[in-house]
Number of protein chains: 2
Amino acid sequence: MGPTTKDLARAAGVSLATVDRVLNDRGGVSLKKAQAVAAAIEQIGFERNAAAAALARQRSLRLGFVIPKTGGAFLDKVLLSIQEYETLGRSEMTILSVIRIEDKDAHKAARSIANIDANDFDAIAVMATQSPPLRDALLRLAARGVHITSFLTKQELEGDVDFVGIDNRAAGATAGRLMGQFLGRQKGAVLPIAESLQSRDTLERRLGFDDVIGNKYPHIRPLPTLETYADPDRARKVISTALKARPDTSGIYLLTGEAAGPVSALRELNALHGNILIAHERTSVTEDALRVGELDAVISQDPGHLVRSAVRIMRARCEKRRTLASQERIRIEILVAENL
Amino acid sequence: MGPTTKDLARAAGVSLATVDRVLNDRGGVSLKKAQAVAAAIEQIGFERNAAAAALARQRSLRLGFVIPKTGGAFLDKVLLSIQEYETLGRSEMTILSVIRIEDKDAHKAARSIANIDANDFDAIAVMATQSPPLRDALLRLAARGVHITSFLTKQELEGDVDFVGIDNRAAGATAGRLMGQFLGRQKGAVLPIAESLQSRDTLERRLGFDDVIGNKYPHIRPLPTLETYADPDRARKVISTALKARPDTSGIYLLTGEAAGPVSALRELNALHGNILIAHERTSVTEDALRVGELDAVISQDPGHLVRSAVRIMRARCEKRRTLASQERIRIEILVAENL
DNA sequence: AAATTTTTGAGGTGCGCACCTCAAAAAGAT
DNA sequence: ATCTTTTTGAGGTGCGCACCTCAAAAATTT
């Protein structure tokens with residue numbers, strides 16, 4: 001057993017009450033004594049007994065996931081992971097809940113956030129496209145004591161906000177590397193397809209992709225990104241046009257998390273085989289496509305890992321613990337048919 | 001808060017003492033009452049409060065990792081992960097320790113296991129090549145109440161032994177897929193290199209590899225596996241001979257976890273560029289080789305993940321909890337330069 | 001029916017911490 | 001020097017469970 005608060009009090013030359021005040025930020029402690037306690041913590045290597053703290057605190061941590069209302073298969077998987085964790089997390093004194101927000105319009109999103117009662121949550125993980133009104137709403141929540149973590153999409157508030165998610169630029173670069181390797185010496189054009197170019201993730205992925213292709217595989221020519229606007233008809237039309245315009249196309253890169261639309265469009269156009277196809281996010285659609293050989297690789301991030309990481313970070317923030325950063329980096333996974 | 005033991009006792013119509021006897025296997029409970037408690041657990045959805053249990057139990061779980069004495073960079077990473085977890089796990093009431101065993105000889109290994117005092121451990125995770133004497137030694141430990149988990153190498157004892165590690169056949173298949181894709185339409189031979197063919201892991205990987213190559217990329221010819229016996233000189237010699245014998249070699253597959261030897265041999269032979277090279281396990285050697293483009297891909301399993309998973313499983317066994325199996329499958333990771 | 005064994009219940013203790021109250025001490029203000 | 005404010009300490013309570021003892025009740029044997 002490590003040293004207890006009692007040992008800490010003795011080592012610091014203060015009472016248990018003062019130790020408690022320092023450990024739990026209750027204020028009303030002179031700088032001198034506070035420093036004495038801090039020094040003693042270092043010296044004797046005190047570590048709060050998590051089990052005892054959880055038991056005594058008795059109050060479950062209320063963690064919220066703020067998630068857009070509209071979203072496809074990947075988001076569903078994230079939601080499922082949250083649910084899974086809920087049943088498991090009950091014994092760990094955490095209550096998870098999901099808050100769906102409007103995401104079409106920055107102001108609506110901000111209003112959804114503003115509607116969150118700061119008393120209901122100890123921390124929230126926010127997935128939402130950045131915007132000034134949203135930022136203000138988040139800052140107000142933060143001011144009322146809710147810890148904010150950005151989830152999948154970066155938020156820039158004051159100070160350092162933890163971020164849970166992959167590095168999209170590196171993800172795009174990974175896709176570029178695979179595309180280059182899969183195409184080999186073969187010359188040709190690569191067609192990137194996205195839902196929209198508005199999203200920051202898409203842009204970052206494209207940047208990473210172009211970077212690798214340009215530097216390592218200069219014989220491959222990346223075409224301008226096609227936008228589907230999440231509309232199957234439009235997808236089929238623009239893809240068809242693009243493929244006709246560039247018959248030398250030999251690779252297709254689906255930048256967007258939602259691969260279902262483009263994949264079925266490509267299937268109808270008979271463009272699935274013969275072309276190297278790389279997509280993002282593991283969903284039932286991409287899994288199946290990998291298995292039958294329509295897709296060659298999928299770049300993905302594990303939703304379960306995302307959720308667990310977010311929960312760990314939020315808990316650490318609430319309990320004023322430091323997190324083991326190395327454990328929290330979300331890996332960029334590469335999936336092929338054999339390692340599903 | 002979920003229901004407590006008090007609620008459980010009331011629901012089952014028994015006393016707290018009986019509930020305690022059932023929950024902690026103290027015996028001396030009639031079948032009838034035991035079933036009543038079990039039924040009540042289901043009915044009211046009782047879940048032991050892990051924090052309170054850990055606190056009351058007071059006794060840290062003593063978990064052991066049984067690891068071969070000889071081992072390369074990958075094993076070092078595993079050991080490092082165990083150490084990392086140790087500092088972190090102290091607050092979680094677990095004490096990890098590592099037991100190094102002889103591994104050259106099955107009898108020596110068995111004797112090392114036999115030397116383990118069953119009173120010192122609640123559970124151990126064993127990494128050792130299977131053999132009848134080893135099996136006996138493990139069974140004796142199990143009989144004395146130590147929970148056994150197989151770690152990286154499967155152990156077949158009585159009943160079901162948990163296994164922590166990747167599916168080596170699938171790992172080999174993944175390597176085969178990448179090799180096939182990277183080589184593209186290019187015909188040629190692929191040279192698999194291993195330390196020795198004795199190890200089960202190596203065999204399984206080779207099987208998976210051949211399976212994919214044979215079925216999906218029949219124009220590629222896998223050569224017989226080269227054995228280096230972990231000897232750099234021998235490695236250089238056999239590789240050189242093999243490459244001369246088959247000038248059409250265009251891919252090399254390093255089956256073994258230790259890539260350092262073969263990689264430097266290949267470097268001296270100037271066989272690194274021009275050939276597609278795939279290896280196993282992330283180490284500083286494979287990382288560097290990936291970055292500079294000598295290696296094209298690495299198939300790996302995360303040591304940190306391995307250790308955490310093993311600990312979770314051992315704890316669950318000791319505390320008679322069921323584990324969330326989905327969370328415990330170790331992923332087969334694919335690494336390229338961009339997703340390190 | 002008596003003696004034995006097995007099963008059950010009542011009750012207590014302590015794990016390490018969070019959170020609370022109240023009084024005493026120290027520091028600062030007037 | 002008195003009053004006010006801030007800081008400190010002593011002490012208590014309870015979280016849910018593990019683990020213990022002892023006596024009473026029930027089931028089994030003799």
Side-chain angles (χ1 to χ4, degrees), chain A residues 1-38 40-41 44-61 90-95 122 315 318-321, chain B residues 1-38 40-41 44-61 90-95 122 315 318-321:
Chain A
M1 246 22 23
T4 72
T5 44
K6 213 170 246 174
D7 303 322
L8 182 55
R10 190 148 21 86
V14 300
S15 69
L16 270 172
T18 299
V19 164
D20 175 60
R21 286 189 263 261
V22 173
L23 286 181
N24 299 302
D25 275 342
R26 290 190 218 289
V29 178
S30 65
L31 192 63
K32 218 167 116 182
K33 300 256 175 187
Q35 283 172 344
V37 173
I41 288 177
I44 67 173
F46 171 81
E47 268 178 63
R48 201 192 298 244
N49 180 321
L55 185 59
R57 207 186 313 264
Q58 194 45 18
R59 170 186 62 106
S60 287
L61 278 182
R90 211 180 2 155
S91 56
E92 294 177 18
M93 302 279 191
T94 41
I95 298 175
D122 299 303
R315 282 183 46 176
C318 292
E319 294 163 7
K320 294 170 217 314
R321 283 185 290 104
Chain B
M1 245 22 23
T4 71
T5 44
K6 211 171 249 176
D7 303 321
L8 181 55
R10 190 147 22 83
V14 300
S15 70
L16 269 172
T18 299
V19 164
D20 174 60
R21 286 189 262 261
V22 172
L23 286 181
N24 299 302
D25 275 342
R26 290 191 218 288
V29 178
S30 66
L31 192 64
K32 217 167 114 183
K33 300 256 175 186
Q35 282 171 345
V37 173
I41 288 176
I44 68 173
F46 171 81
E47 269 177 65
R48 200 192 299 244
N49 181 322
L55 185 59
R57 206 186 314 264
Q58 194 45 19
R59 171 185 60 106
S60 287
L61 277 183
R90 213 179 1 155
S91 57
E92 293 176 19
M93 301 280 193
T94 40
I95 297 175
D122 298 303
R315 283 184 44 178
C318 293
E319 294 163 9
K320 295 170 215 315
R321 284 184 290 105

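As the structure is a computational prediction, the values presented were derived from the model and not from experiment. Within every chain, numbering begins at 1; the chains are lettered A, B, ... in the order of the sequence lines, protein sequences first and strands thereafter.
- Atoms CZ and CG, on A:Arg315 and A:Asp122 in that order, are 11.5 Å from each other to the nearest 0.5 Å.
- Separating the OG atom in B:Ser15 from the CZ atom in B:Arg10 is a distance of 13.5 Å, to the nearest 0.5 Å.
- Heavy-atom contacts of chain A under 4.0 Å fall on DNA chain D between two terminal nucleotides, which in 5' to 3' order are D:dT7 to D:dG16.
- Look at NZ on A:Lys32: it is 12 Å from C1' on C:dA27, rounded to the nearest Å.
- Taking CG of B:Asn49 as the start and CG of A:Leu55 as the end, the distance is 6.0 Å to the nearest 0.5 Å.
- Atom OG1 of residue B:Thr5 and atom CG of residue B:Asp7 lie 8.0 Å apart, to the nearest 0.5 angstrom.
- Interatomic distance, CG of B:Leu8 versus CG of B:Leu23, reported as 6.0 Å (0.5 Å rounding).
- Where B:Arg57 and A:Arg21 each meet DNA chain C at their nearest nucleotide, the meeting point lying more 5' is that of B:Arg57.
- B:Asn24 comes within 4.0 angstrom of the backbone, heavy atoms only, and of no base.
- Within the 4.0 angstrom heavy-atom criterion, only backbone atoms of the sugar-phosphate kind lie near B:Ala53; the bases stay farther away.
- Atom CG in B:Asn24 sits 5.0 Å away from atom CZ in B:Arg48 (nearest 0.5 Å).
- Along DNA chain C, the nucleotide nearest to B:Ala56 and the one nearest to B:Lys33 differ in position, and the one closer to the 5' end is contacted by B:Lys33.
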